[in-house]
Visitor: 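Have a look at this one.
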Amino acid sequence: MRERSVIPELPEVETIRLELEPWLYGKTILGVQLVDALPGPKYANLERASSQRITDVTRRGKFLLLPLSGGDELIIHLGMTGVVTPRRPDQHLRVQLVLDDEGPNSILYFCDPRRFGRFLVVPRGDYSNLPTLQNMGPEPLEGTFTKAKFTQALARSGTAVKAYLLTQKPVAGLGNIYADEALWRAQIHPQTPARHVPVSKIAALQSAIKEVLIASLEAQGTTLNDYRTVNGNVGTYLEELNVYGHSNEPCPRCGVQINKITLGGRGTHFCPKCQKAET
DNA sequence: CGCATTTCCTGGTAGC
DNA sequence: TGCTACCAGGAAATGC
C-alpha cells in the first residue's frame, strides 16, 4: 500500500481499489476508532463495522464499497484529500480500523486533511443517505453505458454539459479533470446545455469518456503534486493531460490558447477554437 | 421540480 | 520573514 496525492476520480479510485483488495479481502474488523474527527453523517454508524468481516472490495463511481458479513456495507469516499494507508499518518488521521492481520498491515488508517472524505457504514445497499450514489448513472467502462441511455440522460438536462457530467447522473466516475479532457477530445464546449449537445457528437463524447478513463487507468491515474517522500508508484497520466492545468498554453490539436473559465464553481479548461459553443 | 449557488475545509502559494 | 488573501474541488445543502 502507498500514499499518494491525487484528486481521486474513477481511475485513481480504481487504482486504489486494486491495491486494497488483496489487503482487505476476507479480513475481519476487530475494532474501529474515530480520531481527530467528530461523529456525524460523514462517519455514520462506524461502530457497527466492528466484528464484521470484509467480504468484498468493490467500487461504484468514486465510492469504495466494502460489503460486510453482518449485512452492512462500509463506504469510503476519499473526497479531495482522503488517503487509505497501513502507515500511521503524522497528522489529519480521522479513522483507524484494526484488522485481524499480523505485522505492518494490521491497522487501516484513513487520513483526510481537508475533511471532504467520508467513511461510514450503511445497511448493505441502502444508499438513501447518499443521494449521489443512489442516483448514479452507469459505470463508464461497463456494457450498461450505452449510447441510448447516455442520449436520454443528456436530453433530460438543460445544465451546462460539463456541470451535468459532474453530477454523476449521466455516467459515473468523472471529476473535474476527466470531464474537461473528455469534452476537449469530443470537441464540445463545456458550457453547451446538455440537451443541446449535437446528436452527431454524443457518440464521440461517450467514446472520449471511455478513452480518457482507460488511458488514465493504464497510467495508474493522475498524481497532481510532487510528493517526494512517497514510496511506491505515482500515477503518470498528468503528462497526458491536454487541457486541464494548461490554460494559456497552445491547444495540442490546433495551437490556439487554452481558455480557463469558472463553470459551476469549478475551474474549466477548453480550446475556444476546437470546442465551439452550441448555446 | 429544475437549476444555480453556496458550503464545507485546510494546505499551498502569490503578493506585499 | 511573516502576514493576509485567495484558490483548489466532490458532494450536499440551500436558494430561487
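Being a predicted model, the structure only gives us computed values, none of them experimental. Protein chains get the first letters and strands the later ones, always in sequence-line order, with residue 1 at the start of each.
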Visitor: So what does A:Leu130 hit on the nucleic acid, given a heavy-atom distance under 4.0 Å: a base, only sugar-phosphate, or nothing?
Guide: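 It contacts sugar-phosphate atoms only.
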
Visitor: Which whole-number value in Å describes the distance from A:Met80 CE to C:dC7 P?
Guide: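 The answer, rounded to whole Å, is 14 Å.
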
Visitor: Using a heavy-atom cut-off of under 4.0 Å over every strand shown, decide if A:Arg266 touches base, sugar-phosphate, or nothing.
Guide: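 Touches a base.
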
Visitor: For A:Ala160 and A:Gln91, find the nucleotide of DNA chain B closest to each by heavy atoms; which residue's nucleotide sits nearer the 5' end?
Guide: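 It is A:Ala160 whose nearest nucleotide is closer to the 5' end.
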
Visitor: If you look at every strand shown and take non-hydrogen atoms under 4.0 Å, does A:Gly264 touch a base, only sugar-phosphate, or nothing?
Guide: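 Touches nothing.
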
Visitor: Does A:Tyr244 have a side-chain nitrogen or oxygen under 4.0 Å from the phosphate oxygens OP1 or OP2 of C:dG9?
Guide: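 Answer yes for this pair, as a side-chain N or O of A:Tyr244 is under 4.0 Å from OP1 or OP2.
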
Visitor: With respect to the side chain of A:Phe116, which nucleotide from C:dA11, B:dC8, B:dA4 is positioned closest?
Guide: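 The listed nucleotide nearest to A:Phe116's side chain is B:dC8.
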
Visitor: Out of C:dG10, B:dG11, C:dA11, which has the shortest distance to the side chain of A:Asn176?
Guide: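 So the nucleotide nearest the side chain must be C:dG10.
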
Visitor: If you draw a 6.0 Å radius around CG in A:Asp56, do more than 12 non-hydrogen atoms from other residues or ligands fall strictly inside?
Guide: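 More than 12 within 6.0 Å, yes.
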
Visitor: Tell me: OH of A:Tyr164 to P of B:dG2, nearest whole Å?
Guide: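 Answer to the nearest Å: 10 Å.
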
Visitor: Do A:Arg118 and C:dA11 share a donor-acceptor pair, side chain to base, under 3.5 Å?
Guide: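 No, the side chain and the base share no sub-3.5 Å donor-acceptor pair.
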
Visitor: Within a reach of under 6.0 Å around NZ of A:Lys169, are more than 12 heavy atoms found that belong to other residues, nucleotides or ligands?
Guide: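 It does not: A:Lys169 NZ has 12 such atoms or fewer within range.
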
Visitor: A:Gly267 near the nucleic acid: base, sugar-phosphate alone, or nothing, with a heavy-atom cut-off under 4.0 Å?
Guide: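 Since only primed, P, OP1 and OP2 atoms lie under 4.0 Å of A:Gly267, the category is sugar-phosphate.
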
Visitor: Checking A:Glu12 against A:Tyr178: is there a side-chain donor and acceptor pair closer than 3.5 Å?
Guide: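 Indeed, the side chains of A:Tyr178 and A:Glu12 share at least one donor-acceptor pair under 3.5 Å.
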
Visitor: Test: salt bridge (Lys or Arg N to Asp or Glu O under 4.0 Å). Region: residues 250-266 of chain A. Which pairs qualify, not counting sequence neighbours?
Guide: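 Listed once each, the pairs would be none.
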
Visitor: Need one value for A:Lys169: base, sugar-phosphate or nothing, where a base atom within 4.0 Å counts as base even if backbone is also close, heavy atoms only.
Guide: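 Nothing, no nucleic acid heavy atom in range.
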
Visitor: Would you indicate what A:Arg195 reaches in the nucleic acid, counting non-hydrogen atoms under 4.0 angstrom: base, sugar-phosphate, or nothing?
Guide: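 Sugar-phosphate: the residue A:Arg195, judged by heavy atoms under 4.0 Å, touches backbone atoms but no base.
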
Visitor: May I ask you to verify if any side-chain N or O of A:Thr81 is less than 4.0 angstrom from the OP1 or OP2 atom of B:dC9?
Guide: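 So the side chain of A:Thr81 is outside the cut-off, no N or O lying under 4.0 Å from OP1 or OP2 of B:dC9.
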
Visitor: Let me know the distance between CG of A:Leu166 and C1' of C:dG10, rounded to the nearest Å.
Guide: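 Rounding to the nearest Å, CG of A:Leu166 and C1' of C:dG10 are 9 Å apart.
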
Visitor: Expressed as a whole number of angstroms, how long is the span from A:Leu263:CG to B:dT5:C1'?
Guide: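 After rounding, the gap between these two atoms is 13 Å.
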
Visitor: Would you check, one step at a time, whether the test ring pair (Phe, Tyr, Trp, His ring centres under 6.0 Å) holds for A:Phe119 with A:Tyr43?
Guide: CA-CA 5 Å; A:Phe119 200 114; A:Tyr43 304 103; 7.5 Å; no

Visitor: State whether A:Gln168 places a side-chain N or O below 4.0 Å from either non-bridging phosphate oxygen (OP1 or OP2) of C:dG10.
Guide: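 Answer is no, no contact under 4.0 Å.
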
Visitor: Would you say a side-chain N or O of A:Lys260 is under 4.0 Å from OP1 or OP2 of C:dA8?
Guide: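 For C:dA8, OP1 or OP2 has a side-chain N or O of A:Lys260 closer than 4.0 Å.
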
Visitor: Heavy atoms only, 4.0 Å cut-off, all strands: where does A:Phe63 land among base, sugar-phosphate and nothing?
Guide: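 Touches sugar-phosphate only.
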
Visitor: Does the side chain of A:Gln33 come under 3.5 Å of the side chain of A:Gln96 through a donor N or O and an acceptor N or O?
Guide: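 The criterion, which ignores hydrogens and geometry beyond distance, is satisfied for A:Gln96 and A:Gln33.
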
Visitor: The side chain of A:His92 lies closest to which of these nucleotides: C:dG10, B:dC3, B:dT10?
Guide: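 My answer, after comparing the listed nucleotides, is B:dT10.
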
Visitor: Regarding A:Pro131, tell me which of base, sugar-phosphate or nothing describes its non-hydrogen contacts under 4.0 Å with the strands shown.
Guide: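 Sugar-phosphate only.
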
